[in-house]
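The structure appears below as structure tokens.
Just so you know, these numbers use all the heavy atoms, side chains as well, and skip hydrogens, waters and symmetry mates. So that the names make sense, note that chain A is the first sequence line, chain B the second, and so on, each numbered from 1.
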Protein chains: 2
Amino acid sequence: MSVANPSDKAVAILNSARALMMDRGYNGFSFRDVAAEVGIKSASIHYHYATKADLAEATAKAYREAFSDAMDGLVGLDAPATLRAYGTFFVTTLRDQGGLCLGGVLAADAITLPDQVRAEVISFFDTQHDWVAAVLRKGQAEGGIRADLDVDTFAKVFVSGLEGAMMVSRGIRQPQNLETVLEHLILLARP
Amino acid sequence: MSVANPSDKAVAILNSARALMMDRGYNGFSFRDVAAEVGIKSASIHYHYATKADLAEATAKAYREAFSDAMDGLVGLDAPATLRAYGTFFVTTLRDQGGLCLGGVLAADAITLPDQVRAEVISFFDTQHDWVAAVLRKGQAEGGIRADLDVDTFAKVFVSGLEGAMMVSRGIRQPQNLETVLEHLILLARP
DNA sequence: GTCTATACGGTGATAGAC
DNA sequence: GTCTATCACCGTATAGAC
């Protein structure tokens, strides 16, 4: 059922673009790739998204919002467990889809991105850094996080550590390396 | 002077390919880009390197060897200072050339890489992890590194943290963020 | 060693029929 | 909304003259 507002096809295109970009980056996917997955012709995609920049921008925005919703769903856990659940988003993506974080992929491609997509990347990491820092701050108050930690800086180490570990782990064909890095990062934050 | 063994042009092509790949990734540079920089036609590149895969492989191999030589030059420093000098390789690359580590860029592009290039990526990170772990182990013996640290795991956190921070820092247009992450990683390793 | 010329597939994008 | 047809590139790669 459901009335399907922004058109089912538009959503299908967005999902396909997201999966392809997480796998191969902005320069590694084409309208024809998306068309083949969705079951339409590449020309038809332009009806929903005028340009590749528009498609990538919409994809990045939807990803950022969905990621924020997922983070907001992490309640009722102490700080270390929250960090673990957050990191498990990355672990699951790599293990189940073989893909990277869309934010990280686009950051790597940043130089070649249209401005509007680049702006989404900046917004994505601002959100991530702020959210992780807030978790750490609460953890310090509860005693689960080292009291002498600079939370804003450690948040950046944590996020960049996970992003880098995703790429390196996939690159060296050792996906389980990501989990190792995640657990060690959490360990470093504990008292 | 100098007799110039592997042909000056071949070296110039390699250097151009390295800079372009560090900036835009494997799928973001072309034979025509290299040709324009070196001052020849793109067809002439094929005389030195038959295919793009061959060129990328040779570039990655030269990068890995040059990086190893640079690491071997870091002697006479204690462990924290060695880690700082190592991390400064990354900081300098980002600040002076605006480029990323070639290993990290290729890891991000790993899915789309020819096998021979992918193999170089694996070799690169094996070298990095082993070298950093050895520095940490020596540091533990000297007392400059936390004795309870799992050096093999922290080495991976350190390398992935720098790789991720390079991409994120450039992506959000805050290159100085890389230095912040580097210093914090060193701090976390100290007793 | 480098050139010109060219082959040939992939790419984003548009026009216009249905 | 989706299609076919087409465009104007750009990509790697090759053949053969110089």
Which of D:dT2, D:dT14, C:dA13 is nearest the side chain of A:T51? It is C:dA13

Separation of D:dG11 atom C1' from B:F29 atom CZ, nearest Å, is 12 Å

Rounded to whole Å, CD1 of B:I13 lies from P of C:dG1 at a distance of 11 Å

The nucleotide from D:dC3, C:dT11, C:dC3 with an atom nearest the side chain of A:S30 is C:dT11

When rounded to whole Å, the NZ to P distance for the pair B:K52 and D:dT12 reads 5 Å

With the side chain defined as heavy atoms from C-beta on, A:Y47 is closest, among D:dG1, C:dA13, C:dG1, to D:dG1

So CD of B:E57 and CG of B:L113: to nearest 0.5 Å the spacing works out to 11.5 Å

Picking from C:dT2, C:dA13, C:dT4, the nucleotide nearest the side-chain atoms of A:F31 would be C:dA13

| said: I'd like to know if A:V34 and B:I111 are part of one continuous hydrophobic network [Ile/Leu/Val/Met/Phe/Trp/Tyr, side-chain heavy atoms within less than 4.5 Å]. | reply: no

Taking D:dT4, D:dG11, C:dA13 as options, the one with an atom nearest any side-chain atom of A:R32 is C:dA13

Parallel, tilted or perpendicular: which one describes the rings of B:F124 and B:F67, with boundaries at 30° and 60°? perpendicular

Between B:K9 and C:dT2, is there a side-chain N or O to OP1/OP2 distance below 4.0 Å? yes

When rounded to whole Å, the CG to P distance for the pair B:N27 and C:dG12 reads 13 Å

Rounded to whole Å, the NE2-C1' distance (B:H46 to D:dG16) equals 15 Å

Q. Going hydrophobic residue to hydrophobic residue with side-chain gaps under 4.5 angstrom, can you get from B:F89 over to B:V159?
A. yes

Query raised in the report: Are any of A:K41's side-chain N or O atoms less than 4.0 Å away from OP1 or OP2 of D:dC3?
Result: no

Between NE2 of B:H48 and C1' of C:dG1 the distance, given in whole Å, is 6 Å

Here the distance between atom C1' of D:dT12 and atom CG of B:L55, to the nearest Å, is 12 Å

In whole angstroms, the gap separating P of C:dG10 from CZ of A:R24 amounts to 13 Å

Of A:L162, A:L182, A:D96, the one forming a side-chain contact (heavy atoms from CB on, under 4.5 Å) with A:V91 is A:L182

